[in-house]
Amino acid sequence: MRQKIVAGNWKMNKSLEEATILASEVKGMVADEVKGNVKVILCTPFPYLITINNLLGKDNHISVSAQNCSEFESGAYTGEVSAPMLKSIGIPYVILGHSERRQYFGEDAKLLAKKVDVSLKHQLIPIFCCGEPLEVREKGGHEALVKKQVEESLFHLDESAVQKVVIAYEPVWAIGTGKTATSQQAQDMHAVIRKHLASKYGQSVADTISILYGGSVNAANAKELFACPDVDGGLVGGASLKSREFTEIIKSI
Ligand code: PGA
């Protein structure tokens, strides 16, 4: 059975104190209510990873993620954080290829393929983001673009490696805009991604890969989105910064 995941992407928000309070509140709720095949992931800024990881402790239902890592393993790359560093402090996940990284930091498919490789080499699970900008959807090019993004950064992986990756489909026009994809739009694209994975790796491999939806997920729309057969959870930005709303979203899964 595919893992269900609700990941909160805090982006560049919160002080250490605020982050600690939020993580404690979410942890309390998860301990009381989250059962079975569901994982909650808190994607915190780098400086808080160790603290939040320690605070969460060993719990199969909740863990932390980094929001990025370098394509290099070590060396003279001032300001960068490497996959081996994240591994050495016990971080299990890393978001790669978020549209904000692509847009503001010029990350492209080739670079992301390197980041995927270095993460997997150091046993970090990539949460690989893909998604189309509005003008591409308006011209009907969204399926082709997302397939290309997945292909260019993941299709060099072998069968066992690709099964470790979590994919997040996040239409750029839905991120932080309050404009969510309809559940039909989400389901359609998730099915396209899974079919594309199946064409390369076979259906049984494609069926093991969790595909999350991201883009203005909130407490009001999560249930309908998560009910779609190919939507295995969400990558939540703004609504993950408020413990009450985020815990409502977790309950929807
Ligand atoms: P949002 O962000 O939920 O605020 O739209 C989602 C994301 O960027 O991961």
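Each ligand, and each atom within it, is numbered from 1 in the order the structure gives.
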Within 6.0 Å of CD in E135, more than 12 heavy atoms from elsewhere: yes
A quick test of your reading: do over 12 heavy atoms of other residues, nucleotides or ligands sit less than 6.0 Å from CD of E224? no
Which ligand 1 atoms does G215 reach within 4.0 Å, using its non-hydrogen atoms? 5 (O)
The atoms of ligand 1 lying under 4.0 Å from a heavy atom of I175, numbered in the order shown, are 2 (O), 5 (O), 8 (O)
Those atoms of ligand 1 less than 4.0 Å from some heavy atom in N9: 9 (O)
Out of K139, K147, R102, R137, which one pairs with E132 under the salt bridge (charged side-chain N to carboxylate O under 4.0 Å, His left out) rule? R137
Give a yes/no on ligand 1: does A174 have at least one heavy atom closer than 4.0 angstrom to it? yes
Please report whether ligand 1 has a polar contact with E170, defined as an N or O pair separated by less than 3.5 Å (distance criterion only). yes
Taking atom CG of D158 as the centre, report whether more than 12 heavy atoms of other residues, nucleotides or ligands fall under 6.0 Å from it. yes
Parallel, tilted or perpendicular: which describes the rings of H190 and Y213, with under 30° parallel and over 60° perpendicular? tilted
Can you tell which of G176, C43, G237 gets a heavy atom nearest to atom 5 (O) of ligand 1? G176
Residue selection (non-hydrogen contact nearest atom 2 (O) of ligand 1) among E100, K11, K179, Q67: K11
Can you find a non-hydrogen atom of A239 under 4.0 Å from ligand 1? no
Pairwise side-chain contact, D230 with I211, heavy-atom cut-off 4.5 Å (strictly under): no
Report, in ascending order of atom number, the atoms of ligand 1 lying under 4.0 Å from any heavy atom of H98. 7 (C), 8 (O), 9 (O)
Kindly say whether I50 contributes a backbone atom to a donor-acceptor pair with the side chain of Y48 at under 3.5 angstrom? no
Atom indices of ligand 1 within 4.0 angstrom of S216 heavy atoms, with elements: 1 (P), 3 (O), 5 (O)
Do me a favour and list the nearest non-hydrogen protein atom to atom 4 (O) of ligand 1 with residue, atom name and distance? G238 N, 2.8 Å
Does any N or O in the side chain of R2 come within less than 3.5 Å of the main-chain N or O of S210, such that one atom is a donor and the other an acceptor? no
